[in-house]
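So the structure is just underneath, and the comments pick up after that.
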Amino acid sequence: MADVKPVTASTFAPLRGAKRWEFLERARTIRFATANEDGSIYLSPLWLVVHERRIFIPVDAASKHGANFESGRPLAALVDGGDEYATVHGVRIHGTMTATDDPELYELLQGWLRQKYFYKNHPYAEAYFEFGEFAGRRYFELVPEKMIGWDMRELTEVPANEARVLPDHIGDRLLEGE
C-alpha cells in the first residue's frame with residue numbers, strides 16, 4: 001500500500017488570508033487555554049476585538065488568564081463556529097500575549113469593544129465598563145506565531161429544491177402519465 005498522507009480539515013478546506021481575518025473580526029468569542037503556574041490548564045471564553053489584523057483581548061486584573069498572559073507561559077486560542085460537519089469552521093492560534101499600556105490605544109479599544117458588543121442604550125453597557133474600571137481591566141494583544149484555519153462550508157453546496165419550468169412540448173420523463 002502506498003504511503004498515505006494524513007488529511008486534516010485545515011489542509012482539505014483551509015481558511016487563510018483575508019477570509020480568516022474577516023472571520024476573526026466578526027467573531028464574538030475566543031476560547032483561551034493558558035498554563036497555570038502549577039502546570040494545569042485554565043480554559044475559558046473571552047471577548048476579542050480585531051483591528052487591522054491585530055487581536056486584542058480585554059482582561060480584568062484578577063483574571064487567571066491575565067496572570068498567565070503576564071507570565072509568558074504557553075497558550076492556545078480557538079475561535080470556531082458551526083453545528084454540524086457542513087458548517088464547521090474555525091481558527092486555532094498559538095502565540096504570545098503582550099500587554100497594551102498605551103492610553104490612546106486603550107480608549108480606542110474601549111470604543112471598538114462598545115461598538116461590537118453593545119448597542120445604544122444597552123442595559124448592561126455602563127455596568128460592564130464601570131466594572132472594568134473597578135476591576136482594573138486592561139487589554140492584551142495576542143501576537144500569533146501560528147494560525148491554522150478551516151472552513152468546511154467551502155466544500156458544501158447549499159441544498160435547494162430544483163425548480164424547472166419546461167416548454168409545453170417537452171415532457172418531464174419523471175412525471176409522465178400525469
* To do: Flag the pair Trp112 / Tyr106 as yes when their ring centroid distance falls below 6.0 Å, and as no otherwise.
  => no
* Nearest heavy atoms of Thr87 and Asp83, plus distance in Å -> OG1-N, 3.1 Å
* Asked: Which distance, rounded to the nearest 0.5 Å, do you find between the CZ of Arg53 and the CD1 of Ile55?
  -> 11.0 Å
* Rounded to the nearest 0.5 Å, what's the gap from CZ on Arg114 to NZ on Lys120? Could you check? => 12.0 Å
* Considering all heavy atoms of both residues, which atom of Gly132 and which atom of Asp60 are nearest to each other, and what is their separation? -> CA-OD1, 4.4 Å
* To do: Give a yes or no on whether Arg16 atom CZ has more than 12 heavy-atom contacts from other residues, nucleotides or ligands under 6.0 Å away.
  => no
* Asked: In Å, rounded to the nearest 0.5 Å, how long is the span from CG of Leu46 to OG1 of Thr29?
  -> 9.0 Å
* Structure fact -> In this structure, CZ of Arg73 is separated from CD1 of Ile41 (nearest 0.5 Å) by 10.0 Å
* Asked: Considering only heavy atoms from C-beta outward, does the side chain of Pro58 approach that of Leu113 to under 4.5 Å?
  -> yes
* Asked: Would you find a donor on one side and an acceptor on the other, under 3.5 Å apart, between the side chain of Thr34 and the backbone of Leu75?
  -> no
* Take atom OH of Tyr124 as the centre, draw a 6.0 Å sphere, and report whether it contains more than 12 heavy atoms from other residues, nucleotides or ligands. => no
* Can a salt bridge be assigned to the pair Arg138 and Asp101 using a cut-off of 4.0 Å between side-chain N and carboxylate O? -> yes
* **Tyr42 and Phe32: CA distance, side-chain angles, deciding distance, ring-ring contact (aromatic ring centres under 6.0 Å, His included) verdict** => CA-CA 8 Å; Tyr42 182 68; Phe32 270 95; over 10 Å; no
* Any side-chain heavy atom of Trp150 sitting closer than 4.5 Å to one from Val88? -> yes
* Should Val50 and Trp21 be marked as a side-chain contact (heavy atoms from CB on, under 4.5 Å) after you check the CA-CA gap, both sets of side-chain angles, and the distance that decides it? -> CA-CA 8 Å; Val50 177; Trp21 282 105; 3.9 Å; yes
* Structure fact -> Smallest heavy-atom separation, Arg31 atom then Asp80 atom, equals NH1-OD1, 2.8 Å
* Structure fact -> Closest non-hydrogen contact found for Glu141 with Arg54 is OE1-NH2, 2.8 Å
* Asked: With a 4.5 Å limit on heavy-atom distance, are the side chains of Ile93 and Lys146 in contact?
  -> no
* Asked: Judged by atom type as modelled, is there a donor-acceptor pair below 3.5 Å linking the side chain of Tyr128 to the main-chain atoms of Tyr117?
  -> no
* **Close side-chain approach of Met152 and Tyr85, heavy atoms under 4.5 Å** => yes
* To do: Starting from the C-alpha separation in whole Å, work towards a yes-or-no answer on salt bridge (Lys or Arg N to Asp or Glu O under 4.0 Å) for Arg20 and Glu25.
  => CA-CA 9 Å; Arg20 176 171 51 204; Glu25 285 174 14; over 6 Å; no
* **Closest non-hydrogen atom pair between Leu142 and Ala77, with its separation** => CD2-CB, 4.2 Å
* Compare all side-chain heavy atoms of Phe23 with those of Leu15 and state whether any distance is below 4.5 angstrom. => yes
* SB check Lys19 Glu154 (cutoff 4.0 Å) -> yes
* To do: List the steps and the verdict of ring-ring contact (aromatic ring centres under 6.0 Å, His included) for Phe69 and Phe140.
  => CA-CA 8 Å; Phe69 292 165; Phe140 287 84; 5.3 Å; yes
* Asked: How about Ser40 and Asp38: does a side-chain donor come under 3.5 Å of a side-chain acceptor?
  -> yes
* Step by step, work out the side-chain contact (heavy atoms from CB on, under 4.5 Å) result for Leu48 and Lys116. => CA-CA 9 Å; Leu48 73 157; Lys116 182 172 185 176; 4.0 Å; yes
* **Student check: side-chain heavy atoms of Tyr139 and Val59 closer than 4.5 Å** => no
* Asked: Side chain of Arg92, backbone of Val79: donor and acceptor closer than 3.5 Å?
  -> no
* **Nearest atoms (heavy-atom pairs only) where Ala33 meets His65** => N-CE1, 4.5 Å
* **Arg137 with Glu130: basic N within carboxylate O range, under 4.0 Å** => no
* Asked: Any chain of hydrophobic side-chain contacts (each under 4.5 Å) joining Leu78 to Met147?
  -> no
